[in-house]
Structures are given as C-alpha cells and as structure tokens.
Amino acid sequence: VLAPLERLVLVQPWSAEHWTSKYHGVAGPSGSGKTSSIVRMAAILRRMDASARIRLVNMDCNRSNGRLLLKHYAELSSLDYMELRTPSDVDSLLAGDADYDYVLIDLPSMDRSMTLERLTDRQGLTKIPDLRVHIVLSPHFSQVQLSAFERRFYSPLASSVIWTKLDEAYNYGAIINVA
C-alpha cells in the first residue's frame, strides 16, 4: 500500500530523524487505534535508541481500556507514564520536560461538536512548544465520515495522518484522497 501511495503524496516514516519535535500528540476518532499507535511509536523510538527517555501521557482519562494499555506498556517497557486531567496539569508536564527526549500524548476522543483546535486550546496544549499532532484514521470509515473528520481535525498542529487497519481495507482511494 505504501509504495504506490509514496508516488502520490509525501510519506514520512516515524523516526527521530524525520520527526525532530519532542512533543507528539495522537488524535482521532474513538476506536481508530490512537493508543496502539502511541505504543508503536514508543517502541520504534526505543528500538532506534535504547537510551531514549520517553514519557507516555494519557489525556483520555475517562476511558479505561486505552488508559490501562498505555500504563501497562509503560511499566513493561520502563517508560514514564503520566496522566493529564486538567489544563493546569500541562504545567507539570512542561516543568519536567528536560528529563525526556520524547513525550507522546494520547489525546482524548472528541464528540462531533469538538474540533482539534478547540480541544488543544481548552486542554492547555497550546502552551506546549513545537507540539505535533498526528491524526489516526482507518480506511474503514466512509468518505462522508472521513470528510467530517478532515474538518474536525484540521489545525496548524496537525502534522500527519497515521493510517491504521490497512491490512483489513478493501479500498485505498480514501487514503489517497485524505492524504
């Protein structure tokens, strides 16, 4: 899938070489694979540099399944884990920022009325310097849903689209259109 896609749009692998920012958030619709993507991102960074100091941050504190997965992975991999429940917690995150090479943030799912810009503003994430937000989407969504997600997640902070569940897709046209 990626080889033909690369000929049409910019494809950039997840690596410290290509993504130099310390702070990376992951946003997307509920069930799209945000938490799994964070775990994969951390694993790739750790594989590339075993001494990398990585903090996993959960902002989706109301949903236990992703929270438990992220916390459990952090414990198994000797990574730091933190939860941000309120906008003032961002100050605590930034206060310890010198201790980490990478901070990966699992953003909460949003209802239909919320946009990425309003979420980052409301949660105090606009204080984070050089924050990059990666939008996680699945090709299973219809074109109507993907168009709605494009409008909701459009933001200067949006830096990439991470496609999940590609092995289960039957049509790749939506991937090219969104990219």
Side-chain angles (χ1 to χ4, degrees), residues 2 6 10-110 114 116-138 153 155-166:
L2 290 179
E6 245 179 329
L10 177 64
V11 174
Q12 208 165 351
W14 173 248
S15 69
E17 174 187 344
H18 289 99
W19 297 96
T20 57
S21 177
K22 177 187 286 199
Y23 296 97
H24 295 273
V26 174
S30 181
S32 61
K34 294 184 304 290
T35 305
S36 297
S37 293
I38 288 264
V39 167
R40 283 189 200 100
M41 292 163 80
I44 291 168
L45 290 171
R46 181 52 62 88
R47 188 170 47 244
M48 292 171 60
D49 180 1
S51 65
R53 298 165 302 160
I54 303 168
R55 174 179 262 180
L56 302 181
V57 178
N58 179 37
M59 288 189 69
D60 204 358
C61 297
N62 296 330
R63 297 170 43 96
S64 63
N65 52 348
R67 178 182 181 209
L68 292 175
L69 174 67
L70 205 58
K71 189 173 186 176
H72 184 63
Y73 180 78
E75 289 171 358
L76 289 175
S77 303
S78 300
L79 303 175
D80 187 53
Y81 174 82
M82 179 181 190
E83 292 186 359
L84 297 182
R85 295 179 181 274
T86 66
S88 62
D89 291 341
V90 173
D91 295 329
S92 300
L93 174 71
L94 293 172
D97 109 322
D99 297 336
Y100 301 97
D101 300 310
Y102 304 99
V103 178
L104 306 178
I105 306 168
D106 193 358
L107 297 171
S109 297
M110 306 180 307
M114 182 62 71
L116 180 59
E117 283 200 74
R118 280 199 314 244
L119 174 76
T120 54
D121 187 49
R122 182 181 288 172
Q123 296 293 334
L125 297 175
T126 53
K127 298 178 198 175
I128 298 176
D130 203 26
L131 173 65
R132 300 285 181 243
V133 177
H134 308 275
I135 311 303
V136 177
L137 294 173
S138 163
F153 292 109
S155 162
L157 295 174
S159 300
S160 76
V161 176
I162 297 173
W163 288 102
T164 58
K165 305 173 186 175
L166 289 176

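Basis for what follows: all heavy atoms, side chains included, without hydrogens, waters or symmetry-related copies.
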Name all residues meeting the side chain to side chain contact (heavy atoms under 4.5 Å, CB included) criterion together with [X]; count only those two or more places apart in sequence or in a different chain, and write none if there are none.
X: T120; value: L116, L125, T126, L157
X: E75; value: K71, H72
X: P129; value: Y23, L94

Excluding sequence neighbours, so at least two apart, what forms side chain to side chain donor-acceptor pair (under 3.5 Å) with [X]?
X: H24; value: H134
X: S78; value: none
X: S36; value: none
X: T20; value: none

Nearest 0.5 Å please: distance from the [atom1] atom of [X] over to the [atom2] atom of [Y].
X: S37; Y: L137; atom1: OG; atom2: CG; answer: 10.0 Å
X: M114; Y: R122; atom1: CE; atom2: CZ; answer: 3.5 Å
X: L56; Y: E83; atom1: CG; atom2: CD; answer: 11.5 Å
X: S92; Y: R85; atom1: OG; atom2: CZ; answer: 13.0 Å
X: W19; Y: S160; atom1: CH2; atom2: OG; answer: 4.5 Å

Nearest atoms (heavy-atom pairs only) where [X] meets [Y]:
X: S15; Y: M48; value: CB-CE, 3.5 Å
X: S109; Y: P29; value: OG-C, 4.4 Å
X: F153; Y: A158; value: O-CB, 3.7 Å
X: D106; Y: I38; value: N-CD1, 3.8 Å
X: V90; Y: G124; value: CG1-O, 3.5 Å

Distance-only, no hydrogens or angles: does the [X] side chain make a donor-acceptor pair with backbone N or O of [Y] under 3.5 Å?
X: D121; Y: E117; answer: no
X: T164; Y: S32; answer: yes
X: W14; Y: A42; answer: no

The criterion is salt bridge (Lys or Arg N to Asp or Glu O under 4.0 Å); which residues satisfy it with D101, sequence neighbours excluded? R53
Once salt bridge (Lys or Arg N to Asp or Glu O under 4.0 Å) is applied, do any residues pair with R46, and if so which ones, sequence neighbours excluded? none
Strictly by ring-ring contact (aromatic ring centres under 6.0 Å, His included), give each pair with a member in residues 84-105 just once, sequence neighbours left out. none
Pairs satisfying ring-ring contact (aromatic ring centres under 6.0 Å, His included), at least one member in residues 32-53, at least two apart: none
Does the side chain of [Y] come within less than 4.5 Å of [X]'s, by heavy atoms?
X: L131; Y: S21; result: no
X: V26; Y: M41; result: yes
X: M82; Y: L93; result: yes

Could you point out which residue of I162, V136, V39 forms a side chain to side chain contact (heavy atoms under 4.5 Å, CB included) with K34? V136
Test L104 against every option in L70, I54, L79, N58 by the side chain to side chain contact (heavy atoms under 4.5 Å, CB included) rule and name the one that passes. I54
Show every salt bridge (Lys or Arg N to Asp or Glu O under 4.0 Å) that has at least one partner inside residues 127-136, sequence neighbours left out. D91-K127, D130-R132
